[in-house]
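Report on one structure; see the data block that follows.
Residue numbers begin at 1 in each chain, while the letters A, B, ... track the order of the sequences.
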Amino acid sequence: MKEADAIKLFIGQIPRNLEEKDLKPIFEQFGKIYELTVIKDKYTGMHKGCAFLTYCERESALKAQNALHEQKTLPGMNRPIQVKPADSEGRGEDRKLFVGMLGKQQSDADVRKMFEEFGSIEECTVLRGPDGTSKGCAFVKYQNNPEAAAAINTLHGSRTLPGASSSLVVKFADSEKERGIRRMQQVASQLGVISPMTLHLGAYNAYTQVLVQQQALVAQSAYLSPVSTITMQQLAALNPSSLIATPIASLTTSGTSTPPNMAATPVPALPPPLNYPPVPAPPNGQPASETLYTNGVHSYQGPEGCNIFIYHLPQEFTDSEMLQMFIPFGNVISAKVFVDRATNQSKCFGFVSFDNPSSAQTAIQAMNGFQIGMKRLKVQLKRPKDANRPY
DNA sequence: TGGTATT
């Protein structure tokens, strides 16, 4: 029914209102489809905006990827469709090596010379800092996996280069997923997760024991697939703000009218702040979780005039903290802090969408200029997509 | 001045 070397493709950037039957016509022009599955949330059944696709023939997958990947944007999407081998297909990181413990003075050419006897090198790059100095490591990509494996076998630990503190390291480069785990671990250590001592708890009592057990569970799930089960929210949830060692309290500015409790941040479960700035009651008593539908397409954005832009957010504000902050002004359709994809760090701005312009105006009136720590929030209507950029 | 998701 399908070839042994068929490739399972990951399809991304598909509108959430398209099901298998809608997608089929787009893809079957490249060959007979063996399996096409929209990815849905295991528990809620929610369409995740992506799918898996396997053609009967390997060649069809390659054709579809060539013709469609990043080539076309489906209606309602902001970015072009993604058509590429699924993560489960091993994606060719099996021929890319990480090389560590190089000397600082070794160039791309030096490294290439050392590795070229094992196969055809497609890419060879010494990693360098902003000032151009070598970080003492490199990536080397061969044309195939056996070449890479041969280089590991012969070179790993084989010698200590001048200027290096230890013997040469040659191993397969981390996959995207492994890099994700590494980032999470860095964040975790920054937050002081894991060690009760860094939480300034003093004694290792029954409470901290439970806390650390919970952390171990989350950490475990980070090593098993799917890696995405660990999130910043989960990390934050494990850190009651009163226990966090980082000096968040320093955000509070004394001598202003700012409610001090606005500065104690990353606790999703935090009840809405008590000392809010003057706030009229929300226009109605509806819960803020109502979802807006436009033409049957799930939309995260309210109508024109309902979406606000918030700048100068505290670095540690997440979606849920921002949601908490704006719930008093009306029905919040979505609250999104802009996060840098590479670092997972907040860029200190975000968007909140209401279901009506009046709530948005109320929120702007009440919150623009609102002081948090040393900064004042800038709260305005979101610039429409097609707006002319003044500069 | 957004929305990238991997059974």
_From C-beta outward on A:Phe351, which listed nucleotide comes closest to its side chain: B:dG2, B:dT6, B:dT4?_
B:dG2
*Quickly work out the A:His312 NE2 to B:dT1 C1' distance and round it to whole Å.*
13 Å
*Where the side chain of A:Lys84 is defined as all heavy atoms beyond and including C-beta, which of B:dG2, B:dT1, B:dT6 is the nearest nucleotide?*
B:dT6
_Nearest to the side chain of A:Ala86, heavy atoms from C-beta on, is which of B:dT1, B:dG3, B:dT6?_
B:dT6
*Rounded to whole angstroms, how far apart are OH on A:Tyr311 and P on B:dG2?*
13 Å
Could you give the side-chain donor-acceptor pairs of residues 121-129 of chain A under 3.5 Å, partners two or more places apart or in another chain?
from: A:Glu122; atom 1: OE1; to: A:Arg95; atom 2: NH1; distance (Å): 3.0
from: A:Glu122; atom 1: OE2; to: A:Arg95; atom 2: NH1; distance (Å): 3.3
from: A:Arg128; atom 1: NH1; to: A:Gly132; atom 2: O; distance (Å): 3.2

*Spacing between A:Phe354 atom CZ and B:dG2 atom P, to the nearest angstrom*: 18 Å
*Roughly, in whole Å, what's the span from CG in A:Asp340 to P in B:dT1?*
13 Å
*Please give, in whole Å, the distance from B:dG2 C1' to A:Ile333 CD1?*
14 Å
*A:Asn78 CG to B:dG2 P, straight-line distance once rounded to whole Å*: 9 Å
*What does A:Phe309 touch in the nucleic acid at a heavy-atom separation under 4.0 angstrom: a base, only the sugar-phosphate, or nothing?*
base
_Atom-pair distance (NZ on A:Lys42; C1' on B:dT6), nearest Å_ = 13 Å
*Decide if the gap between the ring center of A:Phe309 and the ring center of A:Phe349 is smaller than 6.0 angstrom.*
yes
*Expressed in angstrom and rounded to an integer, what is the separation of A:Ile11 atom CD1 from B:dT4 atom C1'?*
14 Å
*Report the C-alpha distance between A:Gln365 and A:Thr362 in whole Å, list the side-chain angles of each, state the deciding distance to 0.1 Å, and finish with yes or no for side chain to side chain donor-acceptor pair (under 3.5 Å).*
CA-CA 5 Å; A:Gln365 292 307 316; A:Thr362 307; over 6 Å; no
*asked:* Are A:Tyr142 and A:Phe118 an aromatic pair, judged by ring center distance below 6.0 Å?
replied: no
*Do any side-chain nitrogens or oxygens of A:Gln13 fall under 4.0 Å of OP1 or OP2 in B:dT4?*
yes
*Among B:dG3, B:dT1, B:dT4, which is the nearest nucleotide to the side chain of A:Ser334?*
B:dG3
*Report yes if a donor N or O on one partner sits less than 3.5 Å from an acceptor N or O on the other, where the partners are the side chain of A:Ser353 and the base of B:dG2; otherwise report no.*
yes
Show me the donor-acceptor pairs within less than 3.5 Å that the side chains of residues 34-44 of chain A make with the rest of the protein, sequence neighbours left out.
from: A:Lys40; atom 1: NZ; to: A:Glu19; atom 2: OE1; distance (Å): 3.1
from: A:Asp41; atom 1: OD1; to: A:Tyr43; atom 2: N; distance (Å): 2.8
from: A:Asp41; atom 1: OD1; to: A:Thr44; atom 2: N; distance (Å): 2.8
from: A:Asp41; atom 1: OD1; to: A:Thr44; atom 2: OG1; distance (Å): 3.2
from: A:Thr44; atom 1: OG1; to: A:Met46; atom 2: N; distance (Å): 3.1

